[in-house]
Asker: 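Take a look at the following structure, please.
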Amino acid sequence: MVYSIQRHGARNVLPKSSTLKETEATGGPTLLPQGQRQCFEAGAAFNARYIDPSSCNSSSTCLVAPGSGPLYGVTGSPDVGFSNYNTFAITSALDRTIMSADSFLAGVFPAIAVQDDATNGSYVPTGEQVVPVYSMADTEDWKIRGYTKCPAYEDRLQQWLASEEFAAKAAETQELRNRVQALAPQLNVSLANWWNVYDAFNVWKTYGVGEAMPPVDAATFAEINQLAMWLETSKMRPGLTSNLLGGGLLGDLMLRMAAAEAAVSAGRQGHYRFLSVSSHYNTQLGLLSALFADQAATEDHIWTKKIPSLAALLLFELHAAGTAAASSLGQQQQQQSFAVRAVYQDGPKALYKVLPLPCAVKGDAAEVLAGPGACTLERFRALAGPQTLNTSREWCDACRNGKVMACQVSRMERQLAEAGITPFEMTTAGSGASGNAGSSMSLRPRAGYVSPVMVALLCVVSAALTVCVGAGVLLIRRHKQRKADSQVRLAADTALPANYV
């Protein structure tokens, strides 16, 4: 299995606050044509490493199941080895990541040669292998873009911005910032705002879009760049982020690995083999911080000194190998051993490199199976498990978020429970023979709470949530007194949508 987390490609200028907030413009800055090409090339490199049998065999990284092919499409079709049953792509709900996802997957599953007389509506005329990409509203996205909605992290960030370390860096860089101010008087060159200074110069200099910036010599631009890299990577230190930014996605990664482990151990093939997350450099660095990756980083791991390049990839590989072992009855059985390896590609033209994990042990079974820097699945689970935020409630509590809809529902359920009422229960869908256990979780009303649940739904829709919950609790108490013996079961179609979790 491969769990791939990609940064988007080149986009237009992106103004943001010192605490990573962006403007409310729908979709945000658009992905540039150069960004589309960057993501396509990253996808092509992924294809060579994991999909194309002629090249992936040499690195023992083929995802293609035995007896199948490298194409994406309908299960059972010739040469189709990937489908919605083993491939899953998600993205944050912004223009730059949605288009990056499409461009990346176009490289992973390149267009096939289709004869004009063979299309007949069976293929897109271009031969493109169309892969679905899923998303949710940005206001509700706590796994990929939780860094924009976490008050607990923002408080830590504000404290750091007011720290002695930050003040010392501001004094150290005053001369540079004065020089840039003379070049572009319209810019706010404070250290807290330095990302916007760098981005304005970089996007104009590299792609010729955004506000026209004055020419700057190579040495000065290198200083501008270096300071921006210090600022942004410092915001992603484990001491600031802990698991607040990466814990949600890490929980999803562990869920997928557990499903793959169960499927392979049972001899099934129906698990997700390729999972793609189109995201942002804060998503990538937040996840690495949750795993304490800086503790094992080697000198050549540049992401400790700079943000990931455009269209950069962070990947987690799950390797498996079967060994014969005697059972208690003396029969030979296949036992599976698993290893996890993290690799990264810092831009589509860069080489894939191993990112050593803190749980790696030199010379152990994981290194034999997957190479240096890898961990046994058991050791990786011990490292990652305490850092995961598996449910929206866990993330809401850790981040102190009360605005995301899932957090509002969680708070409402808690208030109802305090009144002695538990109208909701957690359900899991997607488990079974496919091995995609836990693919979706949702809150469902418990049987016997018709009126309370209707009140709860009204509360979610209402802007005055607190007032509504209070009224709901009062109504529920009266309802229980009047109709304790005549509660009616809910119809199945009154379940809360799965994306409320």
Asker: Heavy-atom count check: over 12 atoms from other residues, nucleotides or ligands less than 6.0 Å from Gln34 CD?
Answerer: yes

Asker: Does the separation of the ring centres of Phe88 and Tyr134 fall below 6.0 angstrom?
Answerer: yes

Asker: Which of these passes side chain to side chain contact (heavy atoms under 4.5 Å, CB included) with Leu20: Met236, Lys149, Arg145?
Answerer: Met236

Asker: Got a second to check how far Thr283's OG1 is from Leu287's CG, nearest 0.5 Å?
Answerer: 9.0 Å

Asker: Under 3.5 Å, is there a donor on one side chain and an acceptor on the other for Ser92 and Thr97?
Answerer: yes

Asker: Cut-off 3.5 Å, side chains only: do Thr376 and Arg379 have a donor facing an acceptor?
Answerer: no

Asker: Angle between ring planes, Trp195 versus Tyr281, binned at 30° and 60°: parallel, tilted or perpendicular?
Answerer: tilted

Asker: Could you walk me through whether Arg381 and Glu261 pass the side chain to side chain contact (heavy atoms under 4.5 Å, CB included) check?
Answerer: CA-CA 12 Å; Arg381 189 175 281 129; Glu261 177 192 21; 2.8 Å; yes

Asker: If we ignore hydrogens and angles and just use 3.5 Å, is the side chain of Asp155 paired with the main-chain N or O of Ala152 as donor and acceptor?
Answerer: no

Asker: Decide side chain to side chain contact (heavy atoms under 4.5 Å, CB included) for Tyr198 and Val203; before the verdict, give the C-alpha distance in whole Å, the side-chain angles of both, and the deciding distance to 0.1 Å.
Answerer: CA-CA 8 Å; Tyr198 160 76; Val203 172; over 6 Å; no

Asker: Should Gln38 and His8 count as side-chain neighbours, where that means a heavy-atom distance under 4.5 Å?
Answerer: no

Asker: Could you measure the distance from the CG atom of Asp364 to the SG atom of Cys375? Nearest 0.5 Å is fine.
Answerer: 8.0 Å

Asker: Is it the case that the side chains of Asp294 and Thr304 hold a donor-acceptor pair, with the cut-off being a distance below 3.5 Å and no angle test?
Answerer: no

Asker: Return the set of residues passing side-chain contact (heavy atoms from CB on, under 4.5 Å) with Gln36 (not counting sequence neighbours), or none when no residue passes.
Answerer: Leu31, Met99, Ser103

Asker: Exactly one of Leu285, Asn282, Leu314 should register a side chain to side chain contact (heavy atoms under 4.5 Å, CB included) with Pro308. Which one does?
Answerer: Leu285

Asker: Taking the six-membered ring for Trp, are Phe82 and Tyr72 closer than 6.0 Å centroid to centroid?
Answerer: no

Asker: Please examine the side chains of Leu318 and Leu377, heavy atoms only from C-beta on, and report whether any two atoms are closer than 4.5 Å.
Answerer: yes

Asker: How many angstroms lie between CD1 in Ile307 and CG in Asn225, if you round to the nearest 0.5 Å?
Answerer: 8.5 Å

Asker: Strictly by modelled atom types, are Glu317 and Tyr50 linked by a side-chain donor-acceptor pair under 3.5 Å?
Answerer: yes

Asker: Judged by modelled atom types alone, do Ser278 and Arg96 share a side-chain donor-acceptor pair under 3.5 Å?
Answerer: no

Asker: Between Trp303 and Asp346, is there a side-chain donor-acceptor contact under 3.5 Å, judged purely by atom types and distance?
Answerer: yes

Asker: With Arg341 as the cation and Phe316 as the aromatic partner, state whether NZ or CZ is under 6.0 Å from the six-membered ring centre and within 45° of the axis.
Answerer: no

Asker: Is Lys403 paired with Glu140 through a side-chain N to carboxylate O contact shorter than 4.0 Å?
Answerer: no

Asker: Taking the side chain as every heavy atom from C-beta outward, state whether Asn401 and Pro151 have any atom pair closer than 4.5 Å.
Answerer: yes

Asker: How about Arg37: does its CZ atom have over 12 heavy atoms from other parts shown lying under 6.0 Å from it?
Answerer: no

Asker: Could you give the distance from CG (Leu240) to CD (Gln159), rounded to the nearest 0.5 Å?
Answerer: 9.0 Å

Asker: Please tell me whether Lys306 and Ser309 have a donor and an acceptor in their side chains that are separated by less than 3.5 angstrom.
Answerer: yes

Asker: Is Leu63 close to Cys56 at the side-chain level, that is, under 4.5 Å between some pair of heavy atoms?
Answerer: no

Asker: Give a yes or no on whether the ring-centroid distance for Phe274 and Phe46 is below 6.0 angstrom.
Answerer: yes

Asker: Within the distance-only criterion (no hydrogens, no angle test), does the side chain of Thr91 pair as donor or acceptor with the backbone N or O of Ser135 below 3.5 angstrom?
Answerer: no

Asker: Side chains of Tyr207 and Asn202: any donor to acceptor distance under 3.5 Å?
Answerer: no

Asker: Would Val108 and Ile51 satisfy side chain to side chain contact (heavy atoms under 4.5 Å, CB included), going step by step from the backbone distance to the final call?
Answerer: CA-CA 8 Å; Val108 175; Ile51 307 295; 4.1 Å; yes

Asker: Say you draw a straight line from CZ of Arg411 to CG of Asp397; how long is it, rounded to the nearest 0.5 Å?
Answerer: 11.5 Å

Asker: Any heavy-atom pair between the side chains of Thr75 and Val80 that's under 4.5 Å?
Answerer: no

Asker: Does either side chain, that of Gln6 or that of Ser4, offer a donor lying less than 3.5 Å from an acceptor on the other one?
Answerer: yes

Asker: Is it the case that the side chains of Trp160 and Glu165 hold a donor-acceptor pair, with the cut-off being a distance below 3.5 Å and no angle test?
Answerer: yes

Asker: Can you find a pair of side-chain heavy atoms, one from Val277 and one from Ile144, that are under 4.5 Å apart?
Answerer: yes

Asker: I'd like to know whether NZ of Lys21 has more than 12 heavy-atom contacts from other residues, nucleotides or ligands below 6.0 angstrom.
Answerer: yes

Asker: Give, for atom CG of Leu389 and atom CG of Leu244, the distance between the pair rounded to the nearest 0.5 Å.
Answerer: 7.5 Å

Asker: Could you check Leu227 against Lys169 for side chain to side chain contact (heavy atoms under 4.5 Å, CB included), going step by step and ending with a plain yes or no?
Answerer: CA-CA 9 Å; Leu227 183 56; Lys169 193 69 173 181; 3.9 Å; yes

